[in-house]
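All of these numbers come straight from a predicted model, not from anything done at the bench. Whatever order the structure lists them in is the order used to number ligands and atoms, beginning at 1. Throughout, numbering of the chain's residues begins at 1 and tracks the sequence.
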Amino acid sequence: MAEHSNGRPPVALVTGATSGIGRAVALDLARDGFEVIVHGRDPGRGAATVKEIEDKGGHARFVAADLADADAVTALAAEAGEVEVLVNNGGISWFGPSADLDTETFDHLFDSNVRAAYQLVAALAPGMAKRGHGSIISVDSMAGHIGLAGGAAYGATKAALTAMTRAWAAEFSPSGVRVNTVAPGPVFTAESKRELIESLATTTLLDRGAQPQEISEVIAFLASDKASYITGVVIPVDGGRTAV
Ligand SMILES: NC(=O)c1ccc[n+]([C@@H]2O[C@H](COP(=O)([O-])OP(=O)(O)OC[C@H]3O[C@@H](n4cnc5c(N)ncnc54)[C@H](OP(=O)(O)O)[C@@H]3O)[C@@H](O)[C@H]2O)c1
């Protein structure tokens, strides 16, 4: 169980925690003793996640912010304050012919998936470094490591997260902050993506898609002291998809 030296639970900020993988991460970190800042946009889903955590005896609060809005992300970091764990999970995907992606959507992908994570780390990691401990985990994707037709821009946002993770490890780990990335394969989250996930699932060695908790448990491990000697890595959680 996570414990703070001042007796209060340590705080974990999980972006995109109102559904899917982020929601599972929020529940796991609350179980592990963190006070969780549940971030997202939808207040209804935010309240539902907070309630589920509280019903299980955990502590959480919802903070809304649009990750594509730089000022809103600055405000989110200020609202979060001193955090022990930051999980950069929130984001969007886009798959389709490259010629069909307009520049506005391209920018939206990079603003939500890359710039927001950069802003949060820039705002929160120096405090962790000053305190001498902290853990930052970003959610990459197998799309950042293999060529998926139609996934050029999305894959580039995810590869960027992993590149930043290595640089952040070089910058902050000498001060005791661990910085890592998890790269999931296909995960059954939003119902609208079921067909895509099912077709990608058949390309994995395990021949199936993952449930969100199969990803969140790895993130919870990286957030914990059990991973005390792990920094600067990308852990594929993809049913073996990128192994072959
Ligand atoms: N599912 C997969 O197969 C898969 C595979 C590899 C990697 N990933 C990555 O894992 C992460 C989570 O994916 P998921 O499938 O769990 O997604 P999801 O179920 O669609 O949930 C996305 C979450 O991100 C939040 N979000 C999205 N855009 C946002 C924005 N502009 N501002 C604020 N919040 C925003 C949503 O909040 P609201 O709904 O409240 O707005 C929601 O909580 C993403 O980074 C995704 O790229 C997913």
Side-chain angles (χ1 to χ4, degrees), residues 13-28 36-50 52 60 62-77 79 87-95 104-105 107-117 119-120 137-146 148 151 153-162 165 181-204 208-216 218-219 234-239 241-242:
L13 168 59
V14 183
T15 67
T18 57
S19 73
I21 296 167
R23 188 166 195 267
V25 173
L27 287 161
D28 286 357
V36 180
I37 300 175
V38 172
H39 158 269
R41 284 170 302 192
D42 187 295
R45 281 201 294 273
T49 306
V50 168
E52 194 173 347
F62 173 65
V63 179
D66 182 353
L67 294 176
D69 177 341
D71 291 340
V73 177
T74 301
L76 169 64
E79 171 75 23
V87 181
N88 286 313
N89 163 79
I92 48 166
S93 61
W94 190 93
F95 284 92
E104 202 183 316
T105 309
D107 287 347
H108 194 63
L109 276 166
F110 274 83
D111 291 351
S112 312
N113 296 5
V114 181
R115 189 184 65 198
Q119 281 184 272
L120 289 174
I137 302 115
S138 295
V139 181
D140 180 359
S141 164
M142 70 180 190
H145 302 270
I146 52 173
L148 292 178
Y154 172 66
T157 67
K158 294 302 179 176
L161 274 180
T162 288
T165 288
T181 304
V182 168
V187 188
F188 289 107
T189 55
E191 200 46 43
S192 57
K193 290 187 275 187
R194 176 162 283 274
E195 212 174 302
L196 173 67
I197 300 304
E198 272 170 356
S199 96
L200 289 170
T202 62
T203 69
T204 67
R208 67 173 180 85
Q211 293 302 319
Q213 197 150 9
E214 295 181 277
I215 314 302
S216 64
V218 181
I219 294 171
V234 44
I235 299 185
V237 191
D238 62 5
R241 176 60 182 82
T242 55

Starting from atom 32 (N) of ligand 1, which protein heavy atom do you reach first, and at what distance in Å? L67 N, 2.8 Å
Does the N or O separation between P186 and ligand 1 drop below 3.5 Å for any pair? no
At a 4.0 Å threshold, what atoms of ligand 1 neighbour a non-hydrogen atom of D66? 30 (C), 31 (N), 32 (N)
Would you kindly specify which portion of S19 sits under 4.0 Å from ligand 1, judged on non-hydrogen atoms: side chain, backbone, both or neither? both
Just which atoms of ligand 1 are under 4.0 Å from any heavy atom in A17? 43 (O)
Ligand 1 atoms in contact with G90 (distance to a heavy atom under 4.0 Å): 24 (O)
How long is the gap from NZ on K158 to CG on L148, to the nearest 0.5 Å? 13.0 Å
Ligand-residue contact atoms, ligand 1 with Y154, heavy atoms, under 4.0 Å: 7 (C), 8 (N), 9 (C), 46 (C), 47 (O)
G40 neighbourhood, listing ligand 1 atoms whose heavy-atom distance to it stays under 4.0 Å: 37 (O), 40 (O)
So for T18 against ligand 1, with non-hydrogen atoms under 4.0 Å, the contacting part is both
Identified side-chain contact (heavy atoms from CB on, under 4.5 Å) partner of V36 from the options L13, V14, L27: V14
When rounded to the nearest 0.5 angstrom, what distance separates CD1 in I219 from CG in D28? 9.0 Å
Would you indicate whether the side-chain heavy atoms of N113 and L161 approach each other to under 4.5 Å? no
Would you compute the distance between atom OG1 of T202 and atom CD1 of I197 and round it to the nearest 0.5 angstrom? 11.5 Å
Give the numbers and elements of all ligand 1 atoms closer than 4.0 Å to a heavy atom of N89. 10 (O), 11 (C), 12 (C), 44 (C), 45 (O)
NZ on K193 to OG on S199, rounded to 0.5 Å: 13.5 Å
For ligand 1, note which part of R45 has a heavy atom under 4.0 Å away: side chain, backbone, both or neither. side chain
Just how far is it from atom CZ of R194 to atom CG of L196, taken to the nearest 0.5 Å? 12.0 Å
Kindly compute the distance separating CG (D69) from CG (D111), expressed to the nearest 0.5 Å. 9.5 Å
Looking at non-hydrogen atoms alone, which of G20, S141, S216, G91 comes nearest to atom 27 (C) of ligand 1? G91
Determine the minimum heavy-atom distance between G20 and P212, stating which atoms define it. O-CB, 3.8 Å
Looking only at distances, please establish whether an N/O atom of ligand 1 is found under 3.5 Å from an N/O atom of I21. yes
Polar atom proximity, G16 to ligand 1 (N or O, under 3.5 Å): yes
Go through ligand 1 atom by atom and flag the ones less than 4.0 Å from a non-hydrogen atom of K158. 44 (C), 45 (O), 46 (C), 47 (O)
Nearest to atom 29 (C) of ligand 1, what protein heavy atom do you find, and at what distance? R41 CZ, 3.5 Å
Does A65 come within less than 4.0 Å of ligand 1, judged by its heavy atoms? yes
Among all protein heavy atoms in this structure, tell me which lies nearest to atom 17 (O) of ligand 1, with the distance rounded to 0.1 Å. K193 NZ, 4.0 Å
Nearest protein heavy atom to atom 15 (O) of ligand 1, by residue and atom, and its distance? T189 OG1, 2.6 Å
Select the closest option to atom 4 (C) of ligand 1 among A117, A26, G185, S93, judged by heavy-atom distance. G185
Set out, in order, the CA-CA distance, both residues' side-chain angles and the distance that settles side chain to side chain contact (heavy atoms under 4.5 Å, CB included) for N89 and V25, then state yes or no. CA-CA 9 Å; N89 163 79; V25 173; 5.6 Å; no
Is a salt bridge present between R208 and E214, judged by a nitrogen-to-oxygen distance below 4.0 Å? yes
Ignoring hydrogens and angles, state whether a donor on the side chain of T18 or R23 is under 3.5 Å from an acceptor on the partner side chain. no
Counting only heavy atoms closer than 4.0 Å, does ligand 1 sit against the backbone of A183, its side chain, both, or neither? neither
Among L196, V187, D140, which one puts a heavy atom closest to atom 7 (C) of ligand 1? D140
Min N/O separation H108 to ligand 1 under 3.5 Å: no
Pair up each side-chain donor or acceptor in residues 137-146 with any protein partner under 3.5 Å, not counting sequence neighbours, and list the distances.
{"unit_1": "S138", "atom_1": "OG", "unit_2": "N88", "atom_2": "ND2", "d": "3.2"}
{"unit_1": "D140", "atom_1": "OD2", "unit_2": "H145", "atom_2": "NE2", "d": "2.5"}
{"unit_1": "D140", "atom_1": "OD2", "unit_2": "T162", "atom_2": "OG1", "d": "2.5"}
{"unit_1": "S141", "atom_1": "OG", "unit_2": "A143", "atom_2": "N", "d": "2.9"}

Any idea which atoms of ligand 1 are less than 4.0 Å away from a heavy-atom of I197? 3 (O)
At the 4.0 Å heavy-atom cut-off, does H39 count as touching ligand 1? yes
With Q119 via side chain to side chain contact (heavy atoms under 4.5 Å, CB included) - residues at least two apart: A70, V73, T74, R115
Given salt bridge (Lys or Arg N to Asp or Glu O under 4.0 Å), test R45 with D42 step by step and report yes or no. CA-CA 6 Å; R45 281 201 294 273; D42 187 295; 3.7 Å; yes
M142 near ligand 1 by a heavy-atom separation under 4.0 Å: no
